[in-house]
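Note that ligands are numbered from 1 as they come in the structure, with each ligand's atoms numbered from 1 the same way. These numbers were taken from a predicted model, which means no experiment stands behind them.
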Amino acid sequence: MNVLVLNAGSSSIKYRLIDTASSATLIDGKVERLGAEGTHARAFSEILARLDGQRVDAVGHRVVHGGERYAAPTLVDDDALDAIEALCPLAPLHNPHNLAGLRAARAALPALPHVAVFDTALFVGLPRRARTYALDLPLAEQHGLRRYGFHGTSHAYVAGLAARALGRPLADLRLVTLHLGNGASASAIEHGHATETSMGMTPLEGLVMGTRPGDLDPGILLQLLRAGLSLDALDELLHHRSGLAGLSGIGNDLRDIEAHAEAGDDRARLAIQVFAHRVRKYVGAYAATMGGLDAVVLTGGIGENATAMRRRILQRFDYLGLTYDEDLDGAVALNDAAPVAFVSAPHSRVAALVVKTNEELAIALDTAHVVDAQRAATTPTRKIPIAVSARHVHLDAPALAALFGPDHALTPLRPISQPGQYAAHETVNLVGPRGRIDHVRVLGPLRKRCQVEVSRTDEFKLGVDAPIRDSGQTSGSAPITLEGPAGTLQLSEGLICAKRHIHMHPDDAAHFGVADRDEVEVRLSGGPRDLTFGDVLVRVSDKFVLEMHIDTDEANAAEIGPGAVGDLVYTETPATATVTARRITA
Ligand code: ADP
């Protein structure tokens, strides 16, 4: 699926078109200099022009604040837009712009699904003890004062990659994830759930950031207000004049600060020390709240690139069981193909990993997941029984006479599923150059041409190579000899290995959105050996009832039995159906 990921901010919209099947970025870029109202729409039409005609299947939107309502990505409808708007007071610097981007994209591409992926979603389920501020409780509830957390998309993404690199399920792991960029946050990911995070009600709390202070004694704010600092000046101080920039006096870029520190600048050194100290404090705190630790995961511009800062953060954690390996760290070079590197010693009980985050890809994958789930949920699930066809024979009138004697009529034994057809009492023997198979059931009524359907295993036994054919297409098929009680018949052609197929009535075809001779995939699941069959031919006729036919080899490979279920998938389009299996033999 091609997902267009949008990150709409106050001054720019970043976009990236991602093929979620390969995770490849097809196009990416940024439209800058947004200003006045309404320019998101203009910026979005510029993005569409830059997509150069590439197909877009869905749009994934980064939305910073999902409040308590959104614990997962969500398909955007009018109701969701209202909800995101109502959350603007909680994220005044972000949600209004995210919303403007969403509205512009929806207006331009109304037929596509739009999915909002929230930075806060990972933390909606924070335990009460972790999300609650120790304030007057009714007052806190009245104002919605709680820890929301941010950067959730990145924390979840790198936790997933770390678990894969560790070869263990997330559900088994206690991780501290550190997203260290211009914004910085730490999270405790305990058995697959976030149980702590350092950003709080707003993205100001926690770690030292590029221009934000992180944790502060709230008494400082009172003191500054009493000293006459205006609210706006306080806002400016907390958002833009603090953190690495405020400490160093140099700016928020750690590379510049490191260069100054090396040259002896004491404020630059202090900035680095305070930053690393705060991160170490959180790692220890989260190991304590989780009651142990399996890995520390670093990401973000600083986490991924700043080797010296990683060393400061990760040294002397041996008491926790984490042995940092400076040589490994020195060799870290991440890229999209190799986004994970270990920086802990091989024998270290607690691992340390550096992971390249990719929030756009995470948003694209989340978006594809929501769209797929939505399609599956809204696609009707008419059950398709699976019939297992054992080897069988269709005869024409001359063949019946040759094998069973003149004037012989087939005697129905029992009806089979397709209307008017039956298994007959009569059987014949198949004789091939290598071997024979006796007592093969004849199906009635008589047909215009003889046709013998066997499995690949049967062919091997007989010593014949039969082509895979749709029923009725016997021209040029394999020869076979039939023995009956009244004589032997050599067919120069007529032996086929039946192409797996689904019989359906035109009503069923309309239901599934498929047409005669379409090829579909059928996924069987619920049995001991789940299997997806490709190249399944759809046959539509008003004489058919809904049923999929596979041969015994195919049934054995899937070990299907009564009650097995699966999905029918029509190429790339969303027709899906539950498939039930039952075993019949002709
Ligand atoms: P944002 O939170 O804005 O997405 P990033 O995750 O891109 O920010 O992180 C940006 C920060 O990463 C820069 O401010 C810079 O300090 C830091 N950084 C990037 N590369 C290096 C490096 N090689 N050494 C030290 N710091 C680096």
Give every donor-acceptor pair under 3.5 Å between a side-chain atom in residues 64-73 and any protein atom, sequence neighbours left out.
residue, atom, partner, partner atom, Å
H65, ND1, G67, N, 3.0
E68, OE2, R146, NH1, 3.2
R69, NH2, D79, OD2, 2.8

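Side-chain contact between I313 and M309 is present, with heavy atoms from C-beta onward closer than 4.5 Å. Side-chain contact between V3 and V115 is absent, with no heavy-atom pair separated by less than 4.5 Å.
Geometrically, R103 does not engage F44 in a cation-pi contact defined by less than 6.0 Å to the ring centre and at most 45° from the axis.
For E236, the CD atom sits in a packed shell: over 12 heavy atoms of surrounding residues, nucleotides or ligands are nearer than 6.0 Å.
Using a 4.0 Å heavy-atom criterion, the residues that approach ligand 1 are G181, N182, G183, N252, D253, L254, R255, E258, G300, G301, I302, N305, A306.
We find that E46 and R50 are joined by a salt bridge, their nearest charged nitrogen and carboxylate oxygen being less than 4.0 Å apart.
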